Number of protein chains: 2
Amino acid sequence: MDQSDATASVRGERKAPATIYDIARHTGFSPSTVSRALNKPGRLNATTERRIRDAAEELGYRINPMARALPTGKTGTLGLVVSDITNPVYFDLVRGAEHIASEADSTLIFADSQESARLERSIAERLQTSVDGLLLVGSRLGDQDIRELSSVKPLVVVNRLVDGVPAVVPDVAPGIEAALGALRERGHRRIAYLAGPEASWMNTLRWQTLFDLAVSWGLSIVEIKSTEPTRAGGAEAFQRIVAADVTAVFAYNDLIALGLLRASRDRGVAVPESLSIVGFDDIFGADLPTPALSSIRSPLGELGERATRRLLTEIDGAPAEAGAALPTRFIDRESIAAVRS
Amino acid sequence: MDQSDATASVRGERKAPATIYDIARHTGFSPSTVSRALNKPGRLNATTERRIRDAAEELGYRINPMARALPTGKTGTLGLVVSDITNPVYFDLVRGAEHIASEADSTLIFADSQESARLERSIAERLQTSVDGLLLVGSRLGDQDIRELSSVKPLVVVNRLVDGVPAVVPDVAPGIEAALGALRERGHRRIAYLAGPEASWMNTLRWQTLFDLAVSWGLSIVEIKSTEPTRAGGAEAFQRIVAADVTAVFAYNDLIALGLLRASRDRGVAVPESLSIVGFDDIFGADLPTPALSSIRSPLGELGERATRRLLTEIDGAPAEAGAALPTRFIDRESIAAVRS
DNA sequence: CTGAAAGCGCTTACAG
DNA sequence: CTGAAAGCGCTTACAG
């Protein structure tokens, strides 16, 4: 229900917020002095600073960030645009970014491109004029678009590499190697990769890394398309997985893996006895089903921290420091087992 | 790894973005005319409008929303602050809000208060000067704080009622009644409510509604505290649930319910045979465990739409239209069963 | 230590 | 239909 009526008491009574001019009038100082008192503590006569601060407090003054941004060019806020704010993958990344942003006294705001490249572009452009820098995670944009955005304001992409733009990505190899190794030890020889969106850079990286390793180990490996990177997409691929006659499958992400897991159970294919499944990302919920999903986890929190730090240095024009690799690791739960002989 | 070097190519080459003055110079018209051409299509000589638009395009002009906001007081953006952006509960709500915002050509930005009232207040204050209105969902703030925020700019609270401020909340009764009814039919007489945060208005509403109904039906009902509204909090409460000697428990939310479910299984208490569990919110993942969680679902998407529409009318100063009730409903999956005789 | 002035990028009465 | 001017709220050289 709406609580429509209670509203009347507030409506229309909104008083214009106090400005530095109000404080100036109130204290007899000039607006310049007020501005200094509020922004450069210690640079003024202590008592005038005191009086101005008190007046500000009394009048309920809050700085107008947009008015400040005009002369300074700095908004004090960072933007994080994700391809799908509704995807649990990004939770830790968000936390990491928040952590660093707050250390730097920047406000972090989020925007959601809802998996649409068109929307992503317009949101990023829009946001760009209102923030000091942008974090683009899981971007669906083309390299050229990203480069153009990057040329107008500091920007760092996460989980993707684009020539000429700062990026931070995890090292997927360790996790994949551990998972594939665990499978090989358990006798698996025929493996499938259930792919993600073709436009996803990360999808290509995962597939390529897995492919190279499997080949070098003499395992057979096939890529199987999925319709969408969701549980529905995973379920939909079930028949094609079965038809491919593999004993184990890597899924592009946990959503797909979860969908496949469920479909397998529903259609009577036992996981992990008849089919081993490993996902990517270790999202919220991966440990919920029976069997719990084994998954390759990115150090998302650190990715978020690193990316934000990178963005901050980019904004300051400071040189970027090289960072250590951010290795993925394999979280082995219950969805893989020895192949039946 | 960081891709530090590739960056050099971009660094420092950022050209100042084009302004309407650049366009003016470029076309020979005045800035006022440029402004009009860009904002009031049709009000100008068609060919001058054409030429100005072409020049804008050519120069890669993008309006500076903050500069525009100063004289107009309108930013064209709406803010949504959630108590925990990492909680799957809000997914549908976000989608609903996005839907309405985009229909109104407003940009929706998000901010996360990380379950901290202090942070929530400062973020809300900060954001308020940069948006046309604010949506506060699952606020941890006191009524008075919310009222103060509401007095400076349009604001609507979601999932909570505060005297004097526009709000939209679901009707929890139908879902609770259906769930409790299902339990009663199956012979349950002793019920527990595993509570959420005391500061949560929604927690109080759920408990109160459940309590009143149980009492009126002659069922016994107890409230059991939890340490936090998470899976860990649910697991931690397991022993107290067992000690309370109830046959069914309602959990404040699905996170708690999921934690309890898992703890029960781990400690050898069969769900639903020995203990029936029902959660709230039907979040992502509720259907994943075995048994799948039965849960009371809010029409979150509609809540988000409704709240955003309400905010928009508040911004326009239009009168609010009363809305129909937004009933919850019971999604009965596998976590409840008849009490063993 | 403090103030007057110019400027950030835009909009909008007010004239013409 | 178009332009000159004032103003939105702030900051920051430049003087004093």
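In this text the structure is predicted, and so the values were computed from the model without any measurement. Every chain is numbered from 1, with letters handed out A, B, ... down the list of sequences.
- Of the candidates D/dT11, C/dC10, C/dG3, D/dT11 carries the atom nearest the A/Thr72 side chain, counting heavy atoms from C-beta on.
- For A/Thr19, no side-chain nitrogen or oxygen approaches OP1 or OP2 of D/dG9 to under 4.0 Å.
- You'll find the side chain of B/Leu326 reaches within 4.5 Å of the side chain of B/Val168, heavy atoms only.
- Atoms CZ (B/Arg51) and C1' (D/dT2) sit 13 Å apart, rounded to a whole Å.
- Among the atoms of the strands shown, only primed sugar atoms or phosphate atoms (P, OP1, OP2) are found under 4.0 Å from some heavy atom of B/Arg43.
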Working note: B/Asp145 + B/Arg140, criterion salt bridge (Lys or Arg N to Asp or Glu O under 4.0 Å); need CA distance, chi angles, decisive distance, verdict. CA-CA 10 Å; B/Asp145 278 339; B/Arg140 297 300 186 243; over 6 Å; no
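- Using a 4.5 Å cut-off on side-chain heavy atoms (C-beta onward), B/Arg160 and B/Ile146 make contact.
- Computed from coordinates, the A/Phe29 CZ to C/dA4 P distance equals 13 Å when rounded to whole Å.
- Using atom C1' as the reference point in both C/dG16 and C/dT12, the two lie 16 Å apart (nearest Å).
- Base pairing of C/dA13: no nucleotide in any strand meets the Watson-Crick or G-U wobble criterion (both distances under 3.5 Å).
- With DNA chain C read from its 5' end, the first of the two nearest nucleotides for A/Asn45 and B/Thr33 is the one closest to A/Asn45.
- Between the side chains of B/Asn39 and B/Arg68, at least one donor N or O lies within less than 3.5 Å of an accepting N or O.
- Atom-to-atom, CZ of B/Arg68 to P of D/dC8 comes out at 19 Å; the value is rounded to the nearest Å.
- Both distances falling under 3.5 Å, in either a Watson-Crick or a G-U wobble arrangement, occur for no nucleotide opposite C/dA4.
- Rounded to an integer number of Å, the gap from CD of B/Glu49 to P of D/dC1 is 11 Å.
- At a threshold of 4.0 angstrom between heavy atoms, the contacts of A/Leu44 are confined to the sugar-phosphate backbone, with no base atom among them.
- Taking only side-chain nitrogens and oxygens, A/Asn64 never comes nearer than 4.0 Å to OP1 or OP2 of D/dC8.
- Per the geometry, CG belonging to A/Leu38 stands 11 Å off C1' belonging to D/dC10, to the nearest Å.
- Using a 4.0 Å heavy-atom cutoff across all strands shown, A/Tyr21 reaches at least one base atom of the nucleic acid.
- Summary of the strand contacts: A/Arg62 and B/Ser30 both lie near DNA chain D, and taking for each the nucleotide with the nearest heavy atom, the more 5' one is attributed to B/Ser30.
- Look at CG on B/Asn39: it is 11 Å from C1' on C/dT12, rounded to the nearest Å.
- In this structure, A/Ile63 atom CD1 and D/dC8 atom C1' are separated by 15 Å, rounded to whole Å.
- Across all strands, A/Lys40 comes closer than 4.0 Å only to sugar-phosphate atoms, never to a base (heavy-atom distances).
- Judged by distance alone, the side chains of A/Glu120 and A/Ser139 do bring a donor and an acceptor atom under 3.5 Å apart.
- A/Asp22 places its CG atom 10 Å from the C1' atom of D/dG9, with the value rounded to the nearest Å.
- Of the candidate nucleotides C/dG7, C/dT11, C/dG3, C/dG7 has the atom lying nearest to any side-chain atom of A/Pro71.
- When each of D/dT11, C/dT12, C/dA4 is scored by its nearest atom to the side-chain atoms of A/Ser32, the top-ranked nucleotide is C/dA4.
- Look at B/Ser35 and you won't find any side-chain N or O under 4.0 angstrom from OP1 or OP2 of C/dC10.
- With contacts defined as side-chain heavy-atom distances shorter than 4.5 Å, the pair B/Arg53/B/Tyr61 does not qualify.
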